[in-house]
Amino acid sequence: MKLLLLTSLFLVASCLPDRTSLRFDDASPRLNTQTRETEIPDEVDFKVLSEEILVPKCISCHKGFTDETRILKHVKENDPEISPLFQSVKTGRMPKKAPPLESRELEIVRRYVESVRIERVVTYDELKEKILVPKCIECHKKSGEETNIMRWIDQENPSESKLIKATESGRMPKNNPKLSAYELNLIRNYLNNFRK
Ligand code: HEC
Ligand code: HEC
């Protein structure tokens, strides 16, 4: 009897690890899908913004928000900090008469503001202050002067310049995180100065 009890205890115990690992196997695919669902693309376009935010949360009051040009009136220089579209939701002022957006939703709005193409004049000085000095000059010591970055600019075809190709691909800044959509747009606008 004692022996039987011991044996059965042993059996139960030896079964446990199996069951635990089964449970892990079972749970991991679900975990993966969840991560995928919450992943937000680096570049958020108007379609994603509409589906995830505007249609469910804004359009009941802002009928005009089906039109991207109406949204763009509330976006300034790809900069969320000065763009009413982002500020209105970040502060919780919008959506009016509804709970504030959750952090994932705020992130979608922020990335849209950063990645939508807004053309404006970006001078070399602004490029230097916002990108070259903080992100490049430690390795490219001479990039603090415009003449020295000319070899990265294709004057015939500015949008194909090494300056944007190397950063867009994430190859540069070497050994550092990829530039943000805001920073890449700043480079694209700087390169527009060379358009004929
Ligand atoms: C219940 C109605 C309602 C909903 C829902 C709503 N808004 Fe508004 N929104 C308004 C009204 C009314 C104004 C005019 C200014 C005011 O009263 O604050 C406004 C103004 C704005 C403005 C310009 C003024 C400012 O505050 O910067 C922005 C930008 C804006 N809304 C964005 C949004 C976004 C984005 C959503 C969805 C996440 C949204 N709104 C949802 C009613 C609404
Ligand atoms: C940690 C050092 C480092 C940093 C930071 C860095 N670079 Fe580079 N970069 C290099 C090296 C080294 C090369 C030589 C080619 C290589 O190794 O890929 C290079 C080459 C380049 C080239 C030409 C070759 C190519 O890949 O097209 C461009 C353009 C460039 N860098 C742009 C930038 C810009 C713009 C920044 C800042 C946003 C930056 N780099 C930051 C180290 C760096």
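First listed ligand is number 1; within each ligand, the first listed atom is number 1. Here the structure is a predicted model, which means the values were calculated and not measured.
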Nearest protein heavy atom with distance in Å, relative to atom 11 (C) of ligand 1: K96 CD, 3.9 Å
Please determine whether a side-chain nitrogen of the Lys or Arg among E81 and K90 lies less than 4.0 Å from a carboxylate oxygen of the Asp or Glu. yes
Identity and separation of the nearest protein heavy atom to atom 5 (C) of ligand 1: K57 O, 3.4 Å
Find out whether I131 and C136 are in side-chain contact, i.e. whether some heavy atom of one side chain is under 4.5 Å from a heavy atom of the other. yes
Donor-acceptor check, side chain of S50 to backbone of V55, threshold 3.5 angstrom: yes or no? no
Atom 4 (C) of ligand 1: of P56, P100, C61, A98, the nearest heavy atom sits on C61
In the protein, which heavy atom is nearest to atom 41 (C) of ligand 2, and how far is it? P173 CA, 3.4 Å
With a heavy-atom distance limit of 4.0 Å, tell me whether V109 approaches ligand 1 through its side chain, its backbone, both, or neither. neither
Among all the protein's non-hydrogen atoms, which is closest to atom 19 (C) of ligand 1, and how far away is it? M94 CE, 3.1 Å
Considering only N, O or S atoms, which atom of H140 is nearest to atom 8 (Fe) of ligand 2? NE2
For atom 18 (O) of ligand 2, state which one of K165, K174, R171 supplies the nearest heavy atom. K174
Using 4.0 Å as the upper bound for N to carboxylate O, is an ion pair formed by E107 and R104? no
I'd like to check K128 versus E146 (side-chain heavy atoms, cut-off strictly below 4.5 Å). Are they in contact? no
For L186 and L179, run side-chain contact (heavy atoms from CB on, under 4.5 Å): C-alpha distance rounded to whole Å, both residues' side-chain angles, the deciding distance at 0.1 Å, then the answer. CA-CA 10 Å; L186 204 137; L179 296 186; over 6 Å; no
If you have a sec, work out which protein heavy atom is nearest atom 22 (C) of ligand 2 and how many Å separate them, to one decimal? W152 NE1, 3.7 Å
Looking at K196 and E156, is any side-chain nitrogen of the basic one under 4.0 Å from a carboxylate oxygen of the acidic one? yes
Heavy-atom protein neighbour under 4.0 angstrom from atom 24 (C) of ligand 1: no
For atom 2 (C) of ligand 2, state which one of C136, S169, S161, C139 supplies the nearest heavy atom. C139
Would the distance check show the side chain of N193 and the main-chain N or O of V122 forming a donor-acceptor pair, the cut-off being under 3.5 Å? yes
Atom 15 (C) of ligand 2 within contact range, any protein heavy atom under 4.0 Å: no
Protein heavy-atom partner closest to atom 30 (C) of ligand 2 - residue, atom, separation in Å: M172 CG, 3.3 Å
In the protein, which heavy atom is nearest to atom 37 (C) of ligand 1, and how far is it? C58 SG, 1.8 Å
What are the atoms of ligand 2, with element, lying closer than 4.0 Å to any heavy atom of L163? 35 (C)
Determine yes or no for a side-chain-to-main-chain donor-acceptor pair under 3.5 angstrom, with K96 supplying the side chain and R93 the backbone. no
Can you label the angle between the H62 ring and the F65 ring as parallel, tilted or perpendicular, going by 30° and 60°? parallel
Heavy-atom contacts under 4.0 Å between L132 and ligand 2: side chain, backbone, both, or neither? neither
Please tell me if the side chains of E126 and Y190 come closer than 4.5 Å, counting only heavy atoms from C-beta onward. no
Heavy atom to atom 27 (O) of ligand 1, shortest distance: which of K73, Q87, R93 holds it? R93
Below 4.0 angstrom from a heavy atom of V89, which ligand 1 atoms are there? Numbered from 1 as shown, please. 35 (C), 38 (C)
Relative to the ring of W152, is the ring of H140 parallel (under 30°), tilted (30 to 60°) or perpendicular (over 60°)? perpendicular
I'd like to know whether D125 forms a side-chain hydrogen bond (donor to acceptor under 3.5 Å, both in side chains) with T123, so could you lay out the CA-CA distance, the side-chain angles of the two residues, the decisive distance to 0.1 Å, and finally the verdict. CA-CA 5 Å; D125 284 341; T123 61; 5.2 Å; no
From atom 28 (C) of ligand 1, work out which of S83, P95, S88 has a heavy atom at the shortest distance. S88
Nearest non-hydrogen protein atom, atom 8 (Fe) of ligand 1: H62 NE2, 2.0 Å
Counting from 1, what ligand 2 atoms have a heavy atom of T167 closer than 4.0 Å? 35 (C)
